[in-house]
There are 2 protein chains.
Amino acid sequence: MTHISPTRVMLIEDNAEYREVIKLALEDHPEIELTQCHGTAETALRSLYTTSAAARPQLILLDLNLPGMSGLEALPRFRRELPATRIMILTQSDSEADVLRAISRGASGYLLKSASLQQITDGIRDVMDDGASLDKGVAQFILHTLQQKLPKKDLKNLLSERELEVLTLISEGLVKKEIADQLKIGYTTVDTHVGHIYEKLGVRNAPAAVAKAFKLGLIEDLDG
Amino acid sequence: MTHISPTRVMLIEDNAEYREVIKLALEDHPEIELTQCHGTAETALRSLYTTSAAARPQLILLDLNLPGMSGLEALPRFRRELPATRIMILTQSDSEADVLRAISRGASGYLLKSASLQQITDGIRDVMDDGASLDKGVAQFILHTLQQKLPKKDLKNLLSERELEVLTLISEGLVKKEIADQLKIGYTTVDTHVGHIYEKLGVRNAPAAVAKAFKLGLIEDLDG
DNA sequence: ACTCCTGTCCCGTAAACACGGGATACCTCA
DNA sequence: TGAGGTATCCCGTGTTTACGGGACAGGAGT
């Protein structure tokens with residue numbers, strides 16, 4: 001919540017007018033220090049080589065729509081050059097593709113330019129306080145996206161425990177005989193389980209069963 | 001942003017003290033009208049039957065840790081009874097499992113009780129304004145979760161276009177001969193593609209290839 | 001008591017798969 | 001020019017699947 005020294009912020013924004021607005025707004029906040037402003041990602045990246053480690057930004061406010069290298073392209077580069085630096089997207093685009101790409105590239109926040117200055121400074125504080133900050137519309141879209149990718153609990157009892165075990169082993173590449181050995185049951189038993197799995201999932205072969213299981217969230221796509 | 005008539009809010013919270021705090025805080029806001037308070041999900045659900053449609057809440061503030069039926073259990077019931085009503089979780093638990101379960105059951109927001117009253121009223125406004133509201137820590141966790149489930153773009157060129165096409169058809173349950181017919185190529189060509197797919201993914205059969213493709217995000221788990 | 005579901009086991013056959021080999025053609029990039 | 005990747009095609013052989021049938025024991029629920 002409170003920081004001993006102010007948070008060093010770098011702003012990357014091509015519109016000079018909006019850049020000034022932000023600059024003025026952040027000047028009022030003692031816990032935020034806007035150390036650098038750039039109009040393009042290229043100059044921002046170059047500046048890192050002539051900036052001492054102690055002066056490098058702890059947070060970057062990044063516009064997506066930049067001349068030359070886009071913010072989306074620049075994002076992973078900053079992440080590589082400054083692994084400890086948080087990146088907050090501050091853009092006009094609420095395009096779902098942009099949002100998802102920014103997240104998959106490691107952004108810690110996503111605010112729209114329609115946000116109030118208060119929301120922006122709050123967002124900076126939230127992000128530096130080990131959190132993330134999302135515009136309300138973006139948050140809703142993210143919730144919906146995640147919802148679709150989450151396991152449907154009503155289907156948890158569709159397959160029996162044993163069947164799920166067998167299906168998981170199948171998805172790992174084991175053939176039925178190997179599964180039989182590993183589970184210490186007969187080959188034909190595995191065969192029966194598999195038959196039941198197909199029936200319940202409404203598919204006719206193993207690859208389709210695995211795909212369906214992933215789509216339904218029966219198998220977690222975490223691990224290795 | 002502005003509503004003609006105030007938003008009708010129902011609060012479900014077992015702690016009488018905190019219930020009063022919220023009640024008092026919301027009284028100051030003309031655009032929010034706290035119409036009902038309940039200490040358990042059961043009484044809240046029962047109250048719906050004696051409430052005219054016009055008086056039903058537009059937003060529910062729901063605690064997770066309730067005596068009797070938990071908030072997590074109650075959530076889908078409210079969603080079924082009141083499909084148009086948004087539900088915002090307001091709880092102490094920032095357990096990742098609780099967060100994910102609440103989202104998968106259709107919550108529109110997730111705030112912690114450590115939130116300021118200002119954040120809560122802002123959150124209510126955000127949610128009613130067709131958005132979602134997330135605590136900063138919850139938002140970060142959600143971003144990380146989603147990040148893992150998103151396609152890894154660096155692997156997009158791992159499989160050729162044709163190979164991905166073949167793999168997708170395999171995941172849909174087609175056997176190789178059918179794939180050959182559909183793509184109007186020879187059976188042996190499909191066979192070769194499949195062999196290359198296994199090689200590139202480091203697997204030895206079709207089910208494992210499909211699983212790997214899902215884990216890498218090469219195949220989208222959207223559609224049907 | 002009876003049915004339903006689960007998990008275990010068995011047989012046989014036809015279809016599909018995995019994998020080894022090899023071939024031609026195109027395009028790109030070094 | 002030559003190497004590498006992609007896409008197309010072919011053969012053969014042994015392995016694995018898919019699916020039809022049937023059987024039996026234990027537990028849960030009606």
Exercise. Identify whether the distance between the nearest side-chain nitrogen and carboxylate oxygen of A:Arg86 and A:Asp130 falls below 4.0 Å.
Key: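 Between A:Asp130 and A:Arg86 there is a salt bridge, with a charged N closer than 4.0 Å to a carboxylate O.
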Quiz item: Can we say A:Asp94 and A:Lys136 salt-bridge, meaning some charged N sits less than 4.0 Å from an Asp/Glu carboxylate O?
Solution: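 Here A:Asp94 does not pair with A:Lys136 in a salt bridge, since their nearest N and O are not under 4.0 Å apart.
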Between [N] atom [atom2] and [X] atom [atom1], what is the distance in whole Å?
X: B:Leu174; N: C:dA15; atom1: CG; atom2: C1'; result: 15 Å
X: A:Glu178; N: D:dT16; atom1: CD; atom2: C1'; result: 11 Å
X: A:Leu183; N: C:dT8; atom1: CG; atom2: P; result: 8 Å
X: B:Glu199; N: D:dG4; atom1: CD; atom2: P; result: 14 Å
X: A:Lys177; N: C:dA18; atom1: NZ; atom2: P; result: 18 Å
X: A:Lys184; N: C:dT8; atom1: NZ; atom2: P; result: 13 Å
X: B:His196; N: C:dC19; atom1: NE2; atom2: P; result: 13 Å
X: B:Arg162; N: C:dC26; atom1: CZ; atom2: P; result: 17 Å

Given [options], which nucleotide is nearest the side-chain atoms of [X]?
X: A:Ala206; options: D:dC9, D:dA18, C:dA16; result: D:dA18
X: B:Ile185; options: C:dC11, D:dT8, D:dT17; result: D:dT8
X: A:Thr192; options: D:dT6, C:dC10, C:dA16; result: C:dC10
X: B:Tyr187; options: C:dC17, D:dC9, C:dC19; result: C:dC17

Closest non-hydrogen atom pair, [X] against [Y]:
X: A:Leu143; Y: B:Ala107; result: CD2-O, 3.7 Å
X: A:Leu75; Y: A:Gly106; result: CD2-C, 4.2 Å
X: B:Arg105; Y: B:Leu72; result: NE-O, 3.0 Å

Ignoring backbone atoms, test whether [X] places a side-chain nitrogen or oxygen under 4.0 Å from the OP1 or OP2 oxygen of [N].
X: B:Thr189; N: D:dA7; value: no
X: A:Lys200; N: C:dC5; value: no
X: B:Ser160; N: D:dT6; value: no
X: A:Tyr198; N: D:dA18; value: yes
X: B:Lys176; N: C:dA18; value: yes
X: B:Arg204; N: C:dA18; value: no
X: B:His193; N: D:dT8; value: yes

Quiz item: B:Asn205 or B:Glu161: which one's nearest nucleotide on DNA chain D is closer to the 5' end?
Solution: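 Taking each residue's closest nucleotide, the earlier one in sequence belongs to B:Glu161.
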Quiz item: For DNA chain D, whose closest nucleotide is more 5', that of B:Val190 or that of A:Asp191?
Solution: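 Final value for this comparison: B:Val190.
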Exercise. Flag the pair A:Leu48 / A:Phe78 as yes when at least one side-chain heavy-atom distance between them is below 4.5 Å, and no otherwise.
Key: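 Contact flag for A:Leu48/A:Phe78 side chains = yes.
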Exercise. Could you check whether A:Gly195 gets within reach of a base, just the sugar-phosphate, or nothing at all, counting any heavy atom under 4.0 Å?
Key: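 If one applies the 4.0 Å heavy-atom cut-off, A:Gly195 turns out to touch nothing in the nucleic acid.
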